[in-house]
Amino acid sequence: MTNQVRVRFAPSPTGFPHVGNIRTALFNWLFARHSGGTFIVRIEDTDVNRKVEGATEAILAGLKWLGLDWDEGPEKGGNYGPYFQSQRLERYKEACDRLIAQGNAYKCFCSSERLEKMREEQTLKKIAPGYDRLCRSLTSDQCAAKEAQGVVPVVRFKTPMQGETSFDDMIWGHVKFENRGIDDFVLLKSDGYPTYHLANVVDDHAMEITHVLRAEEWISSTPRHKMLYEALGYQHPIFAHLPMILGPDRSKLSKRHGAVSITEYRDQGFLPETMFNFLSLLGWSLDDKTEVMSKDMIFENFSLERVSKVAAIFNVQKLNWMNGVYIRALSAEDFAIRALPFLEASLPGEVDRPLNFDYVKKVAALVQDRAKTLVEVGELSDFFFYDDFTYDAGLLLGKDVTKEIAVRGLENGKELITSLKSFESTELEKEFRALAEKMEVKTGQLFSTVRTAVTSRTATPPLFQTMSVLGRERCLKRIDKALEKLQTLG
RNA sequence: GCCCCCAUCGUCUAGCGGUUAGGACGCUGGCCUUUCACGUCGGUAACGGCGAUUCGAAUUCGCCUGGGGGCGCCA
């Protein structure tokens, strides 16, 4: 036995990998890596009814994408497996039997109809809902009779009816609850599966978990867990309840707030390093100024003492900003590699695939400073990839640009482009500036028309670099088309 | 309804008895500039309220208010 830190992320495969859950995973990972401990993933698939096909895979994919590697768990194994609760049912049953034998738990034969009615009445009477302990006093003969009738019982814990239960939380300090507010909760369901409370306690003990870091929503069930640990004769782990992540309306972050799944953020073109950094700052901070930090820097400095108690609102604007910071920090090559799949997905079907990577690299270099997400790369650069775009002819007439100036500028520009020996951006710029001077117009007047002609847009990467990447032939064709368009103008 | 908890700019946060209450996002003004971005220099904006303790409270205590979480054969 060592006193090495062992923490776990224990998701339930009942849906997509919610960023709130992923943040919990992240903090567990940070805590483990900071202390040189072990990070374990355990799948809590004890709810047969809510189980979602593919959810486990999506959760694991989310963890991998973020770089949260686990030391024990699915796909990986370990000495404390299996790591799926559905494969550990005997252990829960054993624990339950022991608790019944010790007088800490009992069988309950109440139907769900009765329980529902009971809760309705309690709500009506404005008293705290909770099991009324009807079956707690059943004799063994009465139990046997029920079972003979074929009623399948659940097992409930005998919660003490007075006194209080308290524990020390690394984040919340000393927390205490009165026992009378806690009802006789279910340990084993009638389908033979354990509830979270039982399975969690049994497994955390079996897996020698030293610290339980989980979301704040669990804090009020912690006394139950403590009672269970004690009844089972186990030492309980250290608890640390993490603050919640809320939506902009301050309610629990959910689908109606927009993207909540980590995979959605991936698909929207956020970088994993952005998400890692951003999520780490939801409830934790290094100091009073440092925000952009590498993965290494974060886990090296991570500490529970700097985790806040205040629920954090997920601020998408800041996420966007941070993603831009990470995008700009990428090498040109790396950025192109990451943008490529997004580009291929967003460009119209007519564009031939696969895209020429050398060309993509040149284009990417021009939008890297401008993109906040990888999906924006397509929006920002589509005109580099196909020619038959349409735009409003009026866009050719920018500020202080008359139809006459525009026509003259484009015709002179055409001539210039044709005669140029080099199509380098610096050369282009030099010549076009000279042209503007010769035409006695401001550079902006000439450039804006050429820009629209060549790109169909009024906001683009630097014009001459854009033209250089596009190439002489395409620029000429586009200018011709623009000249035609100008004729349609009155 | 009952139980638990929380409270600094709109948002993320620093602060842990003495600070001009700091940083970041956002918004905004200037500069840079062929557009858009980037960058850069400024600005905007907070200790929820009331009492108490103290020479001195954002920091400690109480009450109020506001917000959150929990109260399933869900996790």
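Nothing here was measured: the structure is a model prediction, and the numbers come from that model. What you see below is based on every heavy atom in this structure, not just the backbone, and it leaves out hydrogens, waters and symmetry mates. Every chain is numbered from 1, with letters handed out A, B, ... down the list of sequences.
Separating the C1' atom of B:C47 from that of B:G66 is a span of 15 Å, rounded to the nearest Å. Nucleotides B:A24 and B:G15, compared at atom C1', are 16 Å apart to the nearest Å. Nucleotides B:G22 and B:U54, compared at atom P, are 30 Å apart to the nearest Å. Taking atom P in both B:G17 and B:G23, the straight-line distance is 22 Å, to the nearest Å. Across the C1' atoms, B:G48 and B:A58 are found 12 Å apart, a figure rounded to whole Å.
Judged as a salt bridge (charged side-chain N to carboxylate O under 4.0 Å, His left out), and not counting sequence neighbours, A:Glu411 has no contacts. Partners of A:Trp70 according to the ring-ring contact (aromatic ring centres under 6.0 Å, His included) rule, which considers only residues two or more places apart in sequence or in another chain, do not exist here. Legend: residues meeting side-chain contact (heavy atoms from CB on, under 4.5 Å) with A:Asp168, ordered by chain and number and at least two apart, are A:His174. By the side-chain contact (heavy atoms from CB on, under 4.5 Å) test, A:Glu217 pairs with A:Ala215, A:Met244, A:Lys252, sequence neighbours left out. In this structure A:Arg250 satisfies the salt bridge (charged side-chain N to carboxylate O under 4.0 Å, His left out) test with no other residue, sequence neighbours excluded.
Residues from residues 287-295 of chain A placing a heavy atom under 4.0 Å of any atom in RNA chain B, listed by number, are A:Asp287, A:Asp288, A:Lys289, A:Glu291. Residues from residues 15-28 of chain A placing a heavy atom under 4.0 Å of any atom in RNA chain B do not occur. Within residues 278-285 of chain A, the residues that place at least one heavy atom under 4.0 Å from RNA chain B are, in residue-number order, A:Leu281, A:Leu282, A:Gly283, A:Ser285.
Contacts classified as ring pair (Phe, Tyr, Trp, His ring centres under 6.0 Å) and involving residues 429-453 of chain A (residues at least two apart or in different chains) are given here: A:Phe432-A:Phe464, A:Phe447-A:Phe464. Screening residues 309-336 of chain A for salt bridge (charged side-chain N to carboxylate O under 4.0 Å, His left out) gives A:Glu291-A:Lys318, A:Glu333-A:Lys361, A:Asp334-A:Arg338 as the qualifying pairs, with residues at least two apart or on separate chains. Among residues at least two apart or in separate chains, salt bridge (charged side-chain N to carboxylate O under 4.0 Å, His left out) pairs with a member in residues 439-467 of chain A are A:Asp382-A:Arg457, A:Asp400-A:Lys442.
The pair A:Lys117-A:Glu113 does not count as a salt bridge, with every side-chain nitrogen at least 4.0 angstrom from each carboxylate oxygen.
Two residues are said to be in side-chain contact when any heavy atoms from C-beta on lie closer than 4.5 Å; A:Ile59 and A:Ile262 fail this criterion.
For the pair A:Thr460 and A:Phe177, nearest-nucleotide mapping onto RNA chain B gives the more 5' position to A:Phe177. Annotation: of the two residues near RNA chain B, A:His174 and A:Thr458, the 5′-most nearest-nucleotide partner is A:His174.
Residue A:Arg180 is out of contact with every strand shown, counting any heavy-atom pair closer than 4.0 Å. Residue contacts shown for A:Ile219 are absent, as no nucleic acid heavy atom lies under 4.0 Å away. Within 4.0 Å (heavy atoms only), A:Thr46 reaches sugar-phosphate atoms of the nucleic acid but no base atom.
Centroid-to-centroid, the aromatic rings of A:Phe185 and A:Phe157 come within less than 6.0 Å.
A:Arg156 forms a cation-pi arrangement with A:Tyr131, by the criterion of a distance under 6.0 Å to the ring centre and an angle within 45° of the ring axis. Under the 6.0 Å distance and 45° angle rule, A:Arg23 counts as a cation-pi partner of A:Phe27.
B:G1 and B:C71 make up a base pair, with Watson-Crick or G-U wobble contacts both under 3.5 Å. Under the Watson-Crick or G-U wobble criterion, with both distances below 3.5 Å, B:A52 is paired with B:U60. Figure legend. B:G39 is base-paired to B:C31; pairs are counted as Watson-Crick or G-U wobble with both atom distances under 3.5 Å.
Nucleotides of RNA chain B that come within less than 4.0 Å of any heavy atom of chain A span, from the 5' end to the 3' end, B:G1 to B:A75.
Relative orientation of the A:His197 and A:Trp218 rings is perpendicular, given thresholds of 30° and 60° on the angle between their planes.
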